[in-house]
Every structure is written in structure tokens, then in C-alpha cells.
Amino acid sequence: MSRRPPPSAYAAAAVLLLAVAGPLLAPDDPDAGNLRERLLGPGSAGHPLGTDTQGRDVLSRLLVAAAPSLLGGLLPVAVATLAGGLLGIAAGLGGRTTENVLLRALDVLYAFPGVLLAITVATVLRPGLLATVVSLSVVLTPAVTRVAFTEVRRIRTAEFLAAARVSGAGAASVAVRQVAPVVAPVLLVYASSLVGLAIVYAAGLSFLGLGVPPPAAEWGAMLDELRPSLLTRPEVAVLPAVTILVVSVVFNCLGEALRRRAGAAPDAPDAPVAVPAGRPPLTEAAR
């Protein structure tokens, strides 16, 4: 099998590079408006992608919004991967009581539709990036925990773990030195498949006014600001939605490519599995 990075990896790297360099590449001040130039169409002089309802350059705002929009998707996945990994290892190695308590508690969260749970948590917090990260971390952690627990359950009777215990290694040492290196690659592959979903969720929270607040540029917030012009300037109004779609597809393709490289089978169970609406799918092993 070729060790060259998949094409989606180059596309994801390009997206991240644009997010970092966005403020430098923006042709205009993203917050400077001109009501005389409001809702100009794509291709207008000085505004390649047109202007929004306040006369601000859409291209500049899309570029500047890339950083907070991607952070709203990447940070929750990182937090959920770390928290879910720790909880999954604890449930897998902690005995029957610990396993039941942790997994049943997380099943309560997993029973709620992901979108509804994210909105509920974000409503309690002050609108901003922190609310997005906390709410989406709560949504994603149960699924990651299940994946980590399944992998730990697969290896917890392995001979190398028994040998480590016989040699006098404590529970923490076994978890860190023996189990974590085995679980980490599985979680990283699974986490890569969650990034696209998290970006869409983060944009949805901002669209509802629960994420990054205006006047800061963020793709979901831009979509909400341009919503009134959907009938008069649809070619401008849909640009944030198209950006969200393209970026989420790029990261979904990257996750799928990494999963295939890791040898994981695609999600195609013989019988349909009920998954709460808006939830990330579990891997075949975790089912």
C-alpha cells in the first residue's frame, strides 16, 4: 500500500493554511462596511465574492472567519478524544462496577439527540467559542468513550498486560505504558472522522446565536446575517453554506482515507443500528 498522503490530506492542509493566513490574505477590512455597496454580487469591482447586508467584503470575512470556524470544530474533537480516551481506559480496566457506572452515565448523554444536547449546554453558557467547545465536547465524548472502551476490552486479557501486572506494574502504569499506545491510533483515526461533523455543529450553534457572537466573522454567523438576502442575492447568501459544506467534506474524506489506511472496515452492518439523531456513528467494533 502506498505511504503517500491521501489527496484529502493535502486539501485539509490547504484549509488549515488558509485559516492561519486568512487575516493576511483578506483583501479588505472584514469589519469595514459601506451601505452604498451593500449586497453587491460576485465579480463586483473590488469585491470578488460580493458584499453582505452591511457592505462588508464577503471574501475577506470568509477568510478571517476560517480560524474561529475551524477551531470550533477541531477543539471539541481534541477535548472529546482526550476525555473519551481516559474514560474508556478507566472503564475497561477499572472493574465491573467502574465500567457500569461510567458507561451507564454516558449512555444517558448518548440517548439525547446530539443537536438538542449541544443547544441545551450552549444555552447555559455565554455565547462564544468556549460555549461551542464545551457543548460539542459533551456531545462527542460518549461516542469516543465507547470506541476506546471497546479497544481496551479487546486487549485487556492479552498476555502482555498479564505480564506487566505480574512484573509489579500498577494500574496507572499499565494504562499509560501498555494500553494507551494501543488505543491512541484507533482514537486518532476515529477522531479524524468527527471533525467534519463538529464543524457543521459549530456553524449551527453560531447560526442560532449560541456560538461566536457578531460582529466577529464566523461561517455560521455569516450565514445567519445573509439569511434575509436569500431571495434577493442568493448567490451571495449561500457562500458561507458552500464553504461549510466543502470544508466538512474535505475532513470527512480525510477521516475515511485514514480509516482505510488503518484497515478498518467501513460502517456497513448487516442490520441497521439505531443511532440518536445528530450523533456521530460508532465504528463497527464499538457496536
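Note that the structure is a prediction, hence the values are computed from the model and not measured.
Put simply, the side chain of Thr145 does not reach to within 4.5 Å of the side chain of Leu102, judged on heavy atoms. Two residues are said to be in side-chain contact when any heavy atoms from C-beta on lie closer than 4.5 Å; Glu151 and Val182 meet this criterion. Residues Ser135 and Leu205 meet the side-chain proximity criterion, which asks for heavy atoms closer than 4.5 Å. Side chains of Glu225 and Arg61 form a contact here, defined as non-hydrogen atoms less than 4.5 Å apart. For the pair Leu130 and Leu125, the minimum side-chain heavy-atom distance is 4.5 Å or more. Considering only heavy atoms from C-beta on, Phe251 comes within 4.5 Å of Val15 through its side chain. Under the 4.5 Å side-chain criterion, counting only non-hydrogen atoms from C-beta, Val236 is not in contact with Leu49. Contact check for Asp107 versus Arg146: side-chain heavy atoms found under the 4.5 Å cut-off.
In terms of heavy-atom proximity, Pro27 sits nearest to Ser60 at CD-OG, 3.2 Å. Pairing each heavy atom of Pro76 with each of Ser137, the nearest pair is CA-OG, 3.5 Å. Nearest heavy-atom pair across Ala148 and Gly85 is CB-CA, 4.0 Å. Heavy-atom minimum distance, Pro30 versus Arg56: O-CD, 3.5 Å. Between Val152 and Gly92, the shortest heavy-atom contact is CG1-CA, 3.6 Å. Here the closest heavy-atom approach between residue Arg259 and residue Val189 is recorded as CA-CG1, 3.5 Å.
Note that CG of Asp57 is 8.5 Å distant from CG of Leu63, once rounded to the nearest 0.5 Å. Summarising the geometry, atom CG belonging to Leu140 is positioned 10.0 Å from atom OH belonging to Tyr110; distances are rounded to the nearest 0.5 Å. Remark: Ser193 OG to Leu188 CG distance equals 11.0 Å, nearest 0.5 Å. Of the inter-residue distances, the one linking Leu75 atom CG with Leu136 atom CG reads 10.5 Å to the nearest 0.5 angstrom. Here the CG-OG1 distance, from Leu223 to Thr243, works out to 10.0 Å after rounding to the nearest 0.5 Å. The CG atom of Leu93 sits 10.0 Å away from atom OG1 of Thr98, with the distance rounded to the nearest 0.5 Å.
No continuous path of ILVMFWY side-chain contacts below 4.5 Å connects Leu194 to Val79, so the two sit in separate hydrophobic clusters. A continuous path of Ile, Leu, Val, Met, Phe, Trp and Tyr side chains, each step under 4.5 Å between heavy atoms, connects Leu117 with Leu106, placing both in one hydrophobic cluster. Under the 4.5 Å side-chain heavy-atom criterion for ILVMFWY residues, a single connected hydrophobic cluster contains both Val139 and Val121. Hydrophobic clustering, with ILVMFWY side chains joined whenever heavy atoms are under 4.5 angstrom apart, keeps Leu87 apart from Leu103. When the side chains of ILVMFWY residues are joined at heavy-atom separations under 4.5 Å, either directly or via intervening members, Val134 and Val108 end up in a single hydrophobic cluster.
No option in Val115, Val195, Ile244, Val247 other than Ile244 meets the side-chain contact (heavy atoms from CB on, under 4.5 Å) test with Val200.
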Would you sort out whether Leu230 and Val238 count as a side chain to side chain contact (heavy atoms under 4.5 Å, CB included), showing the intermediate values? CA-CA 8 Å; Leu230 187 58; Val238 300; 4.1 Å; yes

Side chain to side chain contact (heavy atoms under 4.5 Å, CB included) between Asp52 and Leu39, worked out: CA-CA 5 Å; Asp52 64 7; Leu39 292 179; 5.6 Å; no

Go through the steps for Ser206 and Glu218 under the test side chain to side chain donor-acceptor pair (under 3.5 Å), then give the verdict. CA-CA 7 Å; Ser206 295; Glu218 198 274 346; 3.1 Å; yes

List the steps and the verdict of side chain to side chain contact (heavy atoms under 4.5 Å, CB included) for Leu245 and Val249. CA-CA 6 Å; Leu245 174 63; Val249 168; 4.0 Å; yes

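Put simply, the side chain of Thr53 never gets that close to the backbone of Leu226: no donor and acceptor are under 3.5 Å apart. Remark: side-chain polar atoms of Thr51 are paired, donor with acceptor, to backbone N or O of Glu37 under 3.5 angstrom. The closest donor-acceptor contact from the side chain of Ser44 to the backbone of Leu40 lies at 3.5 Å or more, if one exists at all. Under a 3.5 Å cut-off, the side chain of Trp219 and the backbone N or O of Leu62 do form a donor-acceptor pair.
Surrounding CZ of Arg96 are at most 12 heavy atoms belonging to other residues, nucleotides or ligands under 6.0 Å away.
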